[in-house]
Structure formats: C-alpha cells, structure tokens
Amino acid sequence: MQPELIIAIDGPSGAGKSTLSKLLARELGYVNIDTGAMYRSVALAAKRRGIDPIDEKALAGLVRSVRIQFLRASEGERVLLDGEDVSGVIRTPEVSLLTSRVSACAGVRRAMVDLQRELGTRGGVVLEGRDIGTVVFPRADVKFFLSASATERGRRRYEELRAKGLMVELEQTIADVEARDAADSARECAPLVQAEDALVIDSTALSIEEVLQAMLREVRRKKESSHPESAA
Ligand code: DC
C-alpha cells in the first residue's frame, strides 16, 4: 500500500488556505489540521486566565497545561480546548489580535510545533499555517505556498466582514492586511517565509475550484514520481 502523504499549505492570511486545505483534505480522505486554530486556542486560554501576552514564562507554562484537539463533526471540523468546543469564539477580532502576539512567543511555538508533528507524523494529513513547510515538516511530501495580492486579500476580507454585518471600509481593510503582512514577515520568531521547494500558487485571479485542481494535480504528480508502479 502507498504511504499517505504529509501536505503543507503555507501563506499569508486571506490567500484561501483554510478553504483549500479543507477541500483538499476532503478530496483525499485526509485529516485537516488548522494550526492557526491551535494558536488561537492558546490565545483564548491566556485571555481567560488573565495572562499578559508579553509574559513569556506564564505563556510557556500555560501552553503545556492546555489540551487542544480536533474533532470531525457533521457541521465541519471543530476545535476543542480542554474538551470545550471553542471553534466560534477563537475567531473574534479580539482573539485574532491577541493570537498574533501570543504566536510570537518562542515557548508557545515550540509546544505547538511538537504537537503538530505528533498529529501529522503518520501522514494522511493536510497541515495549514505559516511555518509548516519550513519548520514543522521541512521534509513534507508536498508543499504549497498560497498567495494573492494584498488588494485581493483585503477585498475578500472586506466581503467576509460585510456579510457578517460589520461596517468596515474597503481601503482600511486592505491597509490592515498590508500591516499584518509586514508584522508576520518581520517578526523574529518563525517569520512567514516561503519554502524553497514549495509550489507557489497565486490565487488572485483563480477560482477556488481552479486552485483545488492545481493542488490535486501536484499531489498526483508527487504520488506518481514516488510510486510509479501504483499510480492510478
Ligand atoms: O491562519 P489564522 O489567521 O487562523 O492564524 C492566526 C494567527 O496565528 C496569525 O496571527 C498567524 C498565527 N499563526 C502562526 O504564527 N503560525 C501558524 N502555523 C499558524 C498561525
């Protein structure tokens, strides 16, 4: 039997990683691991326990004491923090902001990377994040770097927020995306960088289906080149 692959999807926010990694995992019958949700859960736990996001020592202690799990439910994948379904509450703007600070803590990253390796090591997984192909699984079987222009990512975010009834401005939303890009790329600990051997897909002018098909072609190509005799 062919071994199952480890697939890494990295890229900036708003490039379509979450949507595509879920679809790709479903198509392949793989488990989808949203590593951003893991960092968000730690940020929520820190907020609830009143831990200052710059207190590295307290954060490092906290991260070893919480339990983060993924559960596949009929309504989609759920994230559990110490057994509680936190899938909704980790997406608030307040937690998003806190997450970008908490995820810069080296102790938090070490613990999350260990957990991500444990979850993914047997293969049959699609991991989505910022440092999967560079730090977590530098020897992943397939690596994608999904990008899109800041204007397009800002526009998508704007539509998403407007659909939720939030009165945001397009120009401001694009400026926010640009500011977050700059912070993510400039941070000292695990900045967003593209793995040299990643296939870069620019989704600016592509539909979700077009990106998914490009990804599936690459996965098939990798499977065929490693096991030519069993390729379908
Ligand atoms: O992908 P997302 O928006 O859910 O990520 C939330 C935050 O976590 C964002 O600030 C980037 C950070 N993150 C990270 O530092 N490393 C990862 N592997 C995934 C997310």
Side-chain angles (χ1 to χ4, degrees), residues 6-25 31-47 53-54 56 59-60 62-63 66 68 70 76-79 81 86-120 125-138 140 143-148 150 153-154 156-158 160-161 164 173 176-195 198 203:
I6 295 176
I7 301 176
I9 305 182
D10 291 305
S13 56
K17 290 191 308 289
S18 295
T19 308
L20 266 312
S21 64
K22 281 191 193 86
L23 289 173
L24 186 62
V31 173
N32 175 49
I33 299 172
D34 174 357
T35 63
M38 297 169 76
Y39 287 101
R40 286 172 180 274
S41 301
V42 174
L44 178 67
K47 176 171 119 71
I54 58 164
E56 296 242 347
L59 283 175
L62 168 82
V63 80
V66 295
I68 297 166
F70 289 100
E77 198 168 84
R78 316 302 294 171
V79 192
L81 171 65
V86 293
S87 317
V89 275
I90 57 169
R91 308 268 160 211
T92 63
E94 191 193 354
V95 174
S96 300
L97 206 64
L98 196 58
T99 308
S100 65
R101 301 178 68 188
V102 165
S103 63
C105 167
V108 169
R109 299 207 73 87
R110 262 195 306 275
M112 288 298 102
V113 168
D114 284 351
L115 182 55
Q116 287 154 17
R117 286 183 179 150
E118 207 179 298
L119 292 170
V125 284
V126 181
L127 292 111
E128 171 227 324
R130 305 289 195 287
D131 58 346
I132 310 301
T134 49
V135 177
V136 184
F137 284 109
K143 295 182 190 178
F144 295 108
F145 191 89
L146 200 52
S147 71
R153 287 183 289 119
R156 289 175 191 169
R157 179 97 189 111
Y158 168 81
E160 207 178 289
L161 294 171
K164 282 186 188 164
T173 315
D176 288 349
V177 165
E178 286 170 341
R180 222 163 99 170
D181 280 0
D184 277 354
S185 309
R187 74 176 178 210
E188 223 169 275
C189 186
L192 174 66
V193 283
Q194 198 177 299
S203 73

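Counting convention: from 1, in listed order, for ligands and their atoms alike.
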Asker: Going by the atom numbers of ligand 1, which of them fall below 4.0 Å from some non-hydrogen atom of Ser100?
Answerer: 10 (O)
Asker: With side chains defined as the heavy atoms from C-beta onward, is the minimum distance between Ile132 and Ile6 less than 4.5 Å?
Answerer: no
Asker: I need the contact type for Ser13 against ligand 1. Using non-hydrogen atoms and a strict under-4.0 Å cut-off, is it side chain, backbone, both or neither?
Answerer: neither
Asker: What atoms of ligand 1 come closer than 4.0 angstrom to any heavy atom of Thr99?
Answerer: 6 (C), 7 (C), 8 (O)
Asker: Give the residue and atom name of whichever protein heavy atom lies nearest to atom 1 (O) of ligand 1, and the separation in Å to one decimal.
Answerer: Arg130 NH1, 3.0 Å
Asker: For atom 20 (C) of ligand 1, find the nearest protein heavy atom and state the residue, atom name and distance (0.1 Å precision).
Answerer: Gly36 CA, 3.6 Å
Asker: Using a 4.0 Å heavy-atom threshold (strictly under), name the region of Arg40 that reaches ligand 1: side chain, backbone, both or neither.
Answerer: side chain
Asker: List the residues meeting side chain to side chain contact (heavy atoms under 4.5 Å, CB included) with Pro12, not counting sequence neighbours, and say none if there are none.
Answerer: Ala15, Phe145, Arg153, Asp181, Leu192
Asker: Going by heavy atoms in the side chains, are Asp131 and Arg109 under 4.5 Å from each other?
Answerer: yes
Asker: Of the listed options (Arg180, Glu128, Arg109), which comes nearest to atom 15 (O) of ligand 1 when hydrogens are ignored and any heavy atom counts?
Answerer: Arg109
Asker: Below the 3.5 angstrom mark, is there an N/O of Thr35, backbone or side chain, next to an N/O of ligand 1?
Answerer: yes
Asker: Could you report the tightest heavy-atom contact between Glu128 and Ser18, atom names first, then the distance?
Answerer: OE2-OG, 3.2 Å
Asker: Any idea which protein heavy atom is nearest atom 12 (C) of ligand 1, and the distance to it?
Answerer: Ser103 OG, 3.7 Å
Asker: Is the closest side-chain donor-acceptor distance between Arg180 and Ser96 under 3.5 Å?
Answerer: no
Asker: Using distance alone, determine whether Asp131 and ligand 1 share an N or O pair under 3.5 Å.
Answerer: yes
Asker: Could you give the distance from OG (Ser103) to CE (Met38), rounded to the nearest 0.5 Å?
Answerer: 13.0 Å
Asker: Would you give the length of the straight line joining atom NZ of Lys17 to atom CG of Asp34, rounded to the nearest 0.5 angstrom?
Answerer: 9.0 Å
